[in-house]
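What follows is one structure encoded as structure tokens, with my remarks underneath.
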Amino acid sequence: MTMIIITVVTILFLSSPISNAKTNTNPSPFKKIYAFGDSFTDTGNTVSVTGPSGFGHVSSLPYGITFFHHPTNRYSDGRLMIDFVAQSLSLPYLPPYISVKRNSPNGVNFAVAGSTAIDHEFFVKNNLTLNITPQSIQTQLLWFNKYLEESFGCKVLDENCRAADLDNALFWVGEIGVNDYAYTLGSTISQDTIRTLGINSYSRFLTALLKKGAKYVVVQGMPMSGCLPLAMTLASPDDRDNIGCVKSVNNQSYTHNLSILNLVKSLRRQFPQAVISYADYWTAYETVMQSPAKFGIKETFKACCGAGEPYNFDVFSVCGMPSISACSTPSQYVNWDGVHLTEGMYKVLADMFLKGSFTHPSFSYLLDTKLRQG
């Protein structure tokens with residue numbers, strides 16, 4: 001049963017997007033965005049990479065129904081947070097790396113659904129490779145280096161490659177790390193081990209970006225994973241926190257975020273020329289869960305698309321399967337398919353990061369700094 005759960009967890013975390021639609025034409029302080037992360041950020045890299053093949057249902061309605069009106073391989077009913085980031089900067093939606101031919105004028109998305117912070121070899125060594133995406137955050141770094149070399153002639157060891165114009169790019173590092181914990185569910189590997197290895201890999205990744213010349217970076221923390229219907233379904237009913245989510249899983253995410261924040265603080269000291277903003281995903285998510293009506297949310301726990309009680313979620317009857325339908329008002333739900341969020345929730349969180357006080361320093365400070373420095 002443990003292996004079945006791991007398989008389902010993997011499938012649900014695995015898949016993403018594709019769209020080249022453009023937004024308005026107002027000038028932006030950034031010419032491009034480079035994005036990294038997992039299924040919460042991926043815009044299509046999972047579609048053809050070597051790896052799991054059990055998530056084809058994401059290419060079926062009702063995925064994509066709200067905004068695109070057809071499936072886009074995003075694990076949502078519509079746009080993801082990175083789409084709203086691009087819109088806020090008057091840039092097109094980011095193309096996935098696998099579809100880019102040399103230089104992409106407005107940036108590239110390297111995020112891979114199902115991706116981990118820890119290198120894939122760790123999961124192979126521990127016999128935890130069942131249907132697991134082989135790409136990690138280090139794979140995304142390799143892709144980024146390859147893109148710079150093929151598009152601008154920048155070698156891997158080149159620092160501050162002028163041809164790549166990285167000074168005019170926003171680096172958006174979406175959440176990553178949830179899959180590392182999910183893939184080791186039921187194993188004897190401790191959470192401390194996962195956190196230590198994940199943060200070490202994450203540190204190498206961020207350091208490499210900053211050494212390469214990244215100057216404007218947003219690093220997202222992990223969300224309140226314990227509030228997802230998947231976690232609520234699998235956990236013991238007495239494992240709950242003060243807002244009704246799975247206490248042990250939320251504590252796990254919170255502790256991981258403390259390590260990310262400490263890493264960001266260390267990197268700021270090492271790279272004082274860069275603006276590194278921490279997006280507090282956990283607290284933003286908690287704020288919505290505590291006062292959902294304030295954000296137009298009516299349903300905080302049930303999945304919009306799914307089946308089963310009490311959270312409209314069943315690991316064997318997932319969204320996108322022929323017999324599964326979606327709710328009529330996804331914008332009023334936090335959860336889309338039991339593991340991923342609705343476009344409405346992504347929009348709320350994006351506004352909290354881009355316009356509110358949940359990024360430190362604020363996103364407006366990052367923009368103002370870019371405008372001053374040209």
Side-chain angles (χ1 to χ4, degrees), residues 8 11-24 35 37-48 53-88 92-96 99 109 111 113-114 174 223 227-230 233 285 288 292 295-309 311-351:
V8 174
I11 289 173
L12 289 171
F13 267 102
L14 271 176
S15 221
S16 291
I18 285 181
S19 174
N20 294 319
K22 293 188 176 182
T23 58
N24 61 67
D38 61 17
S39 59
F40 283 56
T41 307
D42 180 8
T43 52
N45 286 311
T46 314
V47 174
S48 64
S53 57
F55 48 88
H57 56 281
V58 180
S59 296
S60 303
L61 288 171
Y63 284 94
I65 194 170
T66 294
F67 180 78
F68 301 101
H69 307 301
H70 61 84
T72 64
N73 292 308
R74 285 168 171 81
Y75 244 119
S76 183
D77 60 305
R79 291 161 289 185
L80 307 179
M81 186 178 300
I82 191 62
D83 296 315
F84 291 112
V85 173
Q87 285 185 202
S88 76
Y93 300 141
L94 293 184
S99 72
N109 193 332
C227 297
L228 299 174
L230 172 65
T233 299
Y285 202 115
V288 176
F295 303 95
I297 302 291
K298 292 185 177 180
E299 179 53 63
T300 54
F301 290 116
K302 288 186 177 180
C304 170
C305 183
E309 294 296 337
Y311 306 112
N312 200 37
F313 178 78
D314 186 319
V315 294
F316 300 108
S317 301
V318 296
C319 185
M321 289 182 174
S323 62
I324 305 302
S325 60
C327 65
S328 59
T329 56
S331 65
Q332 297 177 8
Y333 281 64
V334 167
N335 298 284
W336 168 243
D337 58 9
V339 179
H340 304 88
L341 311 181
T342 62
E343 177 185 278
M345 181 61 168
Y346 281 127
K347 177 63 165 62
V348 167
L349 293 169
D351 285 344

Would you say Pro62 and Cys319 make side-chain contact, with heavy atoms under 4.5 Å? yes
Working to the nearest 0.5 Å, report the span between OH of Tyr346 and CG of Leu341. 4.0 Å
Compile the donor-acceptor pairs under 3.5 Å between side chains in residues 297-304 and protein atoms, sequence neighbours left out, one pair per line.
{"from": "Glu299", "atom 1": "OE2", "to": "Phe301", "atom 2": "N", "distance (Å)": "3.0"}
{"from": "Glu299", "atom 1": "OE2", "to": "Lys302", "atom 2": "N", "distance (Å)": "2.9"}

Nearest 0.5 Å, what's the CG-OG1 distance between Asp83 and Thr41? 9.5 Å
Heavy-atom closest pair (Pro330 atom, Thr66 atom, distance to 0.1 Å) is CG-OG1, 3.6 Å
With heavy-atom distances below 4.5 Å as the criterion, would you say the side chains of Phe84 and Leu349 are in contact? no
Do Leu228 and Asn335 touch side chain to side chain, with heavy atoms closer than 4.5 Å? yes
Does the pair Cys305/Cys327 show an SG-SG distance of less than 2.5 angstrom? no
Are the side chains of Asp337 and Tyr63 in contact, using a 4.5 Å heavy-atom criterion? yes
Within a strict 4.5 Å, meaning less than it, do heavy atoms of the Leu61 and Pro71 side chains meet? yes
Side-chain (Thr342) to main-chain (Tyr333) donor-acceptor, under 3.5 angstrom: yes
Run the side-chain contact (heavy atoms from CB on, under 4.5 Å) check on His340 and Phe40 step by step: do they pass? CA-CA 7 Å; His340 304 88; Phe40 283 56; 3.8 Å; yes
Can you find a pair of side-chain heavy atoms, one from Thr233 and one from Val315, that are under 4.5 Å apart? no
Donor + acceptor pair across side chains of Thr72, Arg74 (<3.5 Å): yes
What is the minimum heavy-atom distance between Leu80 and Ser39, and which atoms define it? CD1-O, 4.2 Å
What residue pairs, at least two apart or across chains, pass salt bridge (Lys or Arg N to Asp or Glu O under 4.0 Å) with a residue in residues 340-350? Arg79-Glu343, Lys347-Asp351
Would you check, one step at a time, whether the test side-chain contact (heavy atoms from CB on, under 4.5 Å) holds for Val334 with Tyr285? CA-CA 10 Å; Val334 167; Tyr285 202 115; 3.4 Å; yes
Do Ile324 and Val318 pass the side-chain contact (heavy atoms from CB on, under 4.5 Å) test, and can you show the C-alpha distance, the side-chain angles, and the key distance before you say yes or no? CA-CA 7 Å; Ile324 305 302; Val318 296; over 6 Å; no
Considering only heavy atoms from C-beta outward, does the side chain of Ser76 approach that of Phe68 to under 4.5 Å? no
State whether the side chain of Asn45 and the backbone N or O of Asn109 hold a donor-acceptor pair below 3.5 Å, judged by distance alone. yes
